[in-house]
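Read the structure below first, then the notes.
Counting starts at 1 for both ligands and their atoms, in listed order. Since the structure is predicted, the reported quantities are computational estimates derived from the model, not experimental observations.
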Amino acid sequence: MTQRLTLTRPDDWHIHLRDGDQLQATVPDAARYFGRAIVMPNLVPPVMNATQALAYRDRILSHRPAGSQFEPLMVLYLTDSTSTADIEAARAAGVVAAKLYPAGATTNSDSGVTSIDKIYPVLEAMEKAGMLLLVHGEVTDNHIDIFDREKVFIDRTLTPLRAKLPGLKIVMEHITTADAAQFVSESSDLTAATITAHHLLYNRNHMLAGGIRPHYYCLPILKRNVHQDALIAAATSGNPRFFLGTDSAPHAREKKEAACGCAGAYTAYAAIELYAEAFEAAGALDKLEGFASHFGPDFYGLARNADTITLIKSPWQAPDSLAMNGSELIPLRAGETLQWRVAPSE
Ligand SMILES: NC(=O)N[C@@H](CC(=O)O)C(=O)O
Ligand SMILES: [Zn+2]
Ligand SMILES: [Zn+2]
């Protein structure tokens with residue numbers, strides 16, 4: 001008998017939709033079955049205030065497919081000059097969170113925060129306003145090894161921040177290490193993490209052994225398999241402070257397959273399908289619904305989606321490439337077999 005799995009409609013708590021003509025490709029992919037998505041603000045220039053967030057939201061909605069209820073949730077990009085007034089105005093405009101990018105840590109983070117000490121008043125205003133802090137958790141020091149940057153960030157920045165502002169809801173985005181999983185598990189109920197499908201399915205050998213594969217290159221970078229195992233254990237544990245965030249991050253083929261390639265993996269074309277594979281491999285398909293559909297809205301203080309989607313185990317071949325804004329986009333798993341598909345909605 002064909003295996004089927006019905007879930008409360010999931011949401012994506014971390015996605016990059018980009019802007020302009022790229023929205024033609026990214027919004028329909030995100031809207032296929034996700035009810036909502038936390039839309040990352042690392043545009044150029046970034047989304048730094050309420051006005052920019054609302055305008056960006058309108059541009060996203062103008063690409064929403066007819067009949068779709070998909071709802072983009074907007075995020076402010078913190079800089080050294082973000083003010084408490086920016087936070088209050090953003091909150092009043094319905095912006096749900098603000099994102100801390102350490103300056104230089106990842107794609108389009110040049111305008112990010114140079115030192116967390118500069119934004120403590122802003123973080124206090126967020127705590128007061130009930131706005132979540134989302135964090136790209138890596139230090140940027142040249143002398144810190146790229147594979148250690150997440151752990152050093154936890155020790156240096158996140159642990160003191162957690163102690164200083166115990167009432168602030170913090171999401172450590174796209175965690176990649178056993179250290180991060182442990183930090184979140186041992187922190188208070190106001191600390192959570194998103195986990196990508198690619199960090200559940202892959203480790204650094206997939207990127208580097210037998211040839212260098214640029215489409216597996218993302219930040220934080222894939223780690224050793226022991227870290228992959230710890231992430232699988234966290235995601236499938238039923239702990240409600242670990243939930244789904246794809247970090248689907250499109251870059252044109254020539255920007256990835258280059259001497260200095262961009263960081264980011266595109267998974268939105270098959271996101272829940274990839275997560276289902278990871279959970280099935282761990283013998284934990286029964287834990288997928290909590291991770292994908294319940295724990296995210298619970299942590300954000302939003303209602304769970306009221307309807308469902310159905311996954312069917314029915315292998316299919318991923319496309320070799322997708323079209324994005326006149327260029328080619330190579331999705332993760334391009335040309336390979338995927339095990340699950342989502343049943344068309346009635
Ligand atoms: N994850 C990535 O490797 N890239 C993201 C940025 C980010 O989420 O850090 C992007 O915007 O391309
Ligand atoms: Zn990031
Ligand atoms: Zn991201």
Side-chain angles (χ1 to χ4, degrees), residues 11-20 22-23 25-26 29-30 34 37-47 56 72-78 97-113 132-140 146-147 149-150 153-154 157-158 170-177 180 192-202 204 206-207 213-223 231 243-258 260-268 271 274 296 324-325 327 329-332:
D11 304 296
D12 185 350
W13 301 95
H14 182 135
I15 195 169
H16 300 271
L17 297 178
R18 312 297 192 209
D19 205 355
Q22 290 176 307
L23 297 173
T26 58
D29 273 358
F34 284 125
I38 281 284
V39 182
M40 286 295 145
N42 61 333
L43 308 179
V44 187
V47 180
Y56 183 32
L73 300 173
M74 308 314 291
V75 179
L76 221 59
Y77 183 114
L78 296 172
K99 179 80 187 270
L100 168 62
Y101 289 100
T106 186
T107 304
N108 301 340
S109 63
D110 295 348
S111 316
V113 173
L132 283 81
L133 176 69
L134 315 183
V135 179
H136 180 108
E138 288 190 288
V139 295
T140 56
I146 186 168
F147 291 99
R149 288 179 178 192
E150 184 170 283
F153 185 88
I154 293 168
T157 306
L158 218 43
I170 301 177
V171 184
M172 194 176 178
E173 298 294 334
H174 48 42
I175 60 166
T176 63
T177 57
T194 55
I195 306 181
T196 77
H198 43 287
H199 289 97
L200 294 174
L201 290 165
Y202 302 113
R204 67 195 198 181
H206 294 97
M207 175 175 60
R213 295 181 183 77
H215 298 290
Y216 290 76
Y217 175 63
C218 64
L219 290 171
I221 198 160
L222 292 170
K223 306 295 192 297
L231 298 175
F243 48 83
L244 185 156
T246 62
D247 194 19
S248 183
H251 293 275
R253 175 180 198 149
E254 63 276 13
K255 298 264 173 63
K256 295 281 300 170
E257 298 175 10
C260 183
C262 290
Y266 192 71
T267 52
L274 290 165
M324 185 184 66
N325 191 19
S327 61
L329 174 60
I330 308 299
L332 203 76

Tell me the closest heavy-atom pair linking Tyr266 and Ser248, and the distance in Å. CD1-OG, 3.3 Å

What's the shortest heavy-atom distance between Ala263 and Thr107, and which atoms?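 In this case the closest contact between Ala263 and Thr107 is O-OG1, 3.2 Å.
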
Around the Zn ion (ligand 2), how many protein N, O or S atoms are closer than 2.8 Å? 2

Please lay out, stage by stage, how Val75 and Leu134 fare under the test side-chain contact (heavy atoms from CB on, under 4.5 Å). CA-CA 9 Å; Val75 179; Leu134 315 183; 4.1 Å; yes

Taking the side chain from [X] and the backbone from [Y], do they hold a donor-acceptor pair closer than 3.5 Å?
X	Y	result
Asp29	Ala268	no
Lys256	Glu254	no
Ser109	Gly104	yes
Arg18	Thr26	no
Glu150	Pro220	no

Relative to the Zn ion (ligand 3), which of the N, O or S atoms in His16 is the closest?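 Answer by atom name: NE2.
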
Which protein N or O atoms sit under 3.5 Å from any N or O of ligand 1? Give each pair with its distance.
from	atom 1	to	atom 2	distance (Å)
ligand 1	1 (N)	Leu219	O	2.9
ligand 1	1 (N)	Asp247	OD2	2.7
ligand 1	3 (O)	Leu219	N	2.8
ligand 1	3 (O)	Ala263	O	3.3
ligand 1	3 (O)	Gly264	N	3.2
ligand 1	4 (N)	Ala263	O	3.1
ligand 1	8 (O)	His16	NE2	3.0
ligand 1	8 (O)	Asp247	OD1	3.1
ligand 1	9 (O)	Thr106	OG1	2.6
ligand 1	9 (O)	His136	ND1	3.1
ligand 1	11 (O)	His16	ND1	3.3
ligand 1	11 (O)	Arg18	NH1	2.8
ligand 1	11 (O)	Arg18	NH2	3.4
ligand 1	11 (O)	Asn42	ND2	2.8
ligand 1	12 (O)	Arg18	NH2	2.7
ligand 1	12 (O)	Thr107	OG1	3.3
ligand 1	12 (O)	His251	NE2	2.8
ligand 1	12 (O)	Ala263	O	3.1

Report the C-alpha distance between Lys223 and Thr177 in whole Å, list the side-chain angles of each, state the deciding distance to 0.1 Å, and finish with yes or no for side-chain hydrogen bond (donor to acceptor under 3.5 Å, both in side chains). CA-CA 7 Å; Lys223 306 295 192 297; Thr177 57; over 6 Å; no

In terms of the angle between their ring planes, are His14 and His174 parallel, tilted or perpendicular, with boundaries placed at 30° and 60°?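 The arrangement is tilted - the two ring planes meet at 30° to 60°.
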
